[in-house]
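Encoded as structure tokens, the structure appears first; notes follow it.
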Amino acid sequence: MLVSSNTMTSYDQIMKLALERGFYFPSCEIYPDAPAGFWEYGPVGVNMKNKFIALWRRELIRRDGMIEIDGSQIMSRSVFEASGHLRNFSDPLAECKNCGSIFRADRYLSEKLGKLIPEGASEAVLNSMISENHLQCQNCKGEFKPVTRFNMMFEVGIGSSNDVAYLRPETCQTIFVDFARVFKTMRGRLPLGIAQIGKSFRNEIAPRQSLLRLREFYQAEIEVFCNPDRLNEVPKFDEVRDITLNLVDNKFHRDITAVECLKQGLLPNKLIAYYLALLADFYSRTGIDMKRTRFRRLADDEKAFYSHLAFDFEVETSIGWLELVACNYRADYDLKGHSSTSNHNFEVVEPNDQTKVLPHIFELSMGIDRSLYSILEHSYHEDFRHDDRVVLRLNPYLAPILFGVLPLMSKPNMVEKSRTIHSLLRKDFDSVYDESGSIGRRYRRLEEIGVPFALTIDQQTLVDDTVTVRYRDSMEQERISIGDLKKFLDAKSAVN
RNA sequence: GCGACGGUCGUCCAGUUUGGUCUAGGACAUCAGAUUGCCAAUCUGGUAACCCGGGUUCAAAUCCCGGCCGUCGCACCA
């Protein structure tokens, strides 16, 4: 039993580990004009990210029979006319002429005047309201410049004529735009999940806290296309009915199962219950402490403009509750929009009764970067019994490196044997070879980046072809013959 | 974006108050050699930094201005 604690794990400790060991670090850091909100994954981080994605594919995509696409990051202007992002993905801003403070014009007005400002109020309307009511900056009593709109999308110019296009602010638009072709060519049937992993781009005003609020970030999105009249026809629901969802609406329903949520009317239908449970099941395999997670039902004023019903999957971290996944019932908002803008027909035929239906969409929009941060924080332990060693207790299938090969002594015959053993395994697993420093130091180095196993080559190896396997968490050891190592490592790195 | 505070080796910190032996120091980490040989041992040696630009000055890590970045608060988070 590991005597340890991660109750003290802080953002700063994870940041330090990330910088020192190559998980992630600031983009363009050698130049003084490096903009905020852009971060790179180093060698260790990228391995972990790839493994997280592999787990996502295994536990969500393949498990549920979803299909996956990979689209362009730059998309045409029309896409965002149809999606509503050109209209809604921007805020009217009022800037003080004097001190430069910026306020959201509509909210500022409604706060100061005590009345509701309509969502789509034009700049002209907002300007005249400001001047009629003689509103001044609340910080310095300065006057406001005319209201401008700030859109969070990055604009790019295409070709020599610089035609306007945008970096996608969410990956899911590709899935909507491609839906008709993908559904047809893959002979789809509702309900069908179409998924995508990729980068999205948002011009955040104040990016902060490394991976937690980025301007360029990874999303893993799943769009479930469904028949709105058949949201309770989900035979697979029984597989997940007993999975725990910590649901929060106006009160916390801790340890409530998916099936109980349905019975109590906390979730509206089986389809939503099924996918929330699937998501919870996935995260329970990442090493995140599920006792420190919740599904929070968003109030109407918190929801995105396209969302009819929204649950955030949140994780408790040292800096508070962090949104990892947005689960939105988008209804027919997207396909309707793309349909009318493009004149493309997105209806599909239900095979059993030949009715035409415009699918509704339930979406699971996962932030990969935040997920990885949360896994790191929940996995970070200090072992007070052994010199406060830092142990990253990652599940083997998420560990950036599965094992290290270590000669006990740097004697030529032992080094040679170790290299031979490593070359037997290195193509099948992410691994390192290390002969530098004392054996204890090398163990410590490995466990800090979550390497679950160390294979130590000693005198006995040279005699009987066995190695010592040392376990990261318990520090226990056992002897395994070289011929069995691949099978052993396969078994140990399997998802359970 | 506003405000407050800050930015020195990979990481953490000393040095800035009062400009000058700072040719920038330490710890940890890292590399090489010696030694040891199953849990961060020891010894020796090495690599490695004043965020960027401008200004003041005989002289700037240190003072001033601007920018960039970071932390926190406000605002924002579709």
Side-chain angles (χ1 to χ4, degrees), chain A residues 11-13 15-22 25-38 42 80 83-91 93-96 98-105 107-108 111 119 137-140 142 148 150-153 169-170 200-210 212-215 217 302-307 310 312 319 322-323 326 328 365 367 383 385-391 406-411 414 435-448 454 456-460 467-472 474-477:
Chain A
Y11 175 82
D12 290 338
Q13 284 172 293
M15 196 65 240
K16 181 174 187 226
L17 181 68
L19 290 173
E20 282 186 333
R21 298 300 176 201
F25 47 87
S27 179
C28 310
E29 63 178 338
I30 63 167
Y31 287 106
D33 61 346
F38 299 91
F80 303 108
S83 72
H85 282 86
L86 283 172
R87 256 191 337 277
N88 298 317
F89 200 56
S90 63
D91 298 324
L93 300 178
E95 182 179 349
C96 172
N98 184 35
C99 73
S101 290
I102 290 184
F103 303 93
R104 216 182 119 163
R107 298 226 175 143
Y108 195 75
E111 182 192 322
E119 184 77 14
C137 170
Q138 66 181 22
N139 294 346
C140 74
T148 55
F150 172 74
N151 196 295
M152 302 247 298
M153 283 196 291
E170 49 181 17
S200 289
F201 305 83
R202 297 178 192 179
N203 200 357
E204 294 283 353
I205 295 170
R208 249 170 226 193
Q209 288 167 322
S210 61
L212 303 186
R213 201 190 303 170
L214 294 159
R215 287 185 164 134
F217 58 101
E302 293 181 284
K303 291 187 308 198
F305 61 86
Y306 46 68
S307 184
D312 278 354
I319 54 164
L322 186 64
E323 174 195 341
N328 291 300
S365 175
D383 184 352
R385 221 190 240 174
H386 300 96
D387 310 314
D388 297 351
R389 68 180 184 135
V390 170
V391 189
L406 319 174
L408 184 61
M409 305 171 229
S410 51
K411 301 258 160 66
M414 227 172 257
E435 61 177 63
S436 140
S438 74
I439 192 69
R441 175 185 292 272
R442 283 177 276 161
Y443 289 149
R444 296 288 195 269
R445 272 201 288 254
L446 291 177
E447 58 205 13
E448 197 178 3
T456 307
I457 282 72
D458 54 18
Q459 283 297 345
Q460 200 178 328
V467 303
T468 303
V469 176
R470 184 256 193 192
Y471 291 85
R472 174 194 67 202
S474 66
M475 301 170 71
E476 282 165 6
Q477 305 192 343

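Below, chain A is the first sequence line, B the second, and so on; all start at residue 1. All values reported here derive from a predicted model rather than from experimental measurement. Values below: all heavy atoms of this structure, side chains included; hydrogens, waters and symmetry mates excluded.
Picking from A41(B), U11(B), C38(B) the nucleotide with the shortest atom distance to the side chain of Lys16(A) gives U11(B). Checking G37(B), G1(B), G70(B) against every side-chain atom of Ala206(A), the shortest atom distance belongs to G1(B). Distances from the side chain of Ile439(A) to the nucleotides C39(B), C77(B), A32(B) place C39(B) closest. Comparing atom distances between the Arg213(A) side chain and each of C38(B), C77(B), G37(B) picks out C77(B) as nearest. Relative to the side chain of Glu20(A), the nucleotides U11(B), A29(B), C38(B) differ in distance, and U11(B) lies closest. For Arg208(A), whose side chain is taken as the heavy atoms from C-beta onward, the closest listed nucleotide among C39(B), C74(B), G37(B) is C74(B).
Of the N and O atoms on the side chains of Thr456(A) and Tyr443(A), at least one donor lies less than 3.5 Å from an acceptor on the other residue.
For Thr468(A), no side-chain nitrogen or oxygen approaches OP1 or OP2 of C38(B) to under 4.0 Å.
Under 3.5 Å, the side chain of Tyr443(A) and the base of C38(B) form at least one donor-acceptor pair of N or O atoms. Side chain Arg441(A) to base C39(B): no donor-acceptor pair is found below 3.5 Å.
The CZ-C1' distance, from Arg389(A) to C38(B), rounds to 14 Å in whole Å.
Nucleotides A29(B) and U47(B), compared at atom C1', are 12 Å apart to the nearest Å.
With the nearest nucleotide of RNA chain B identified for both Gln477(A) and Arg215(A), Gln477(A) has the one nearer the 5' end.
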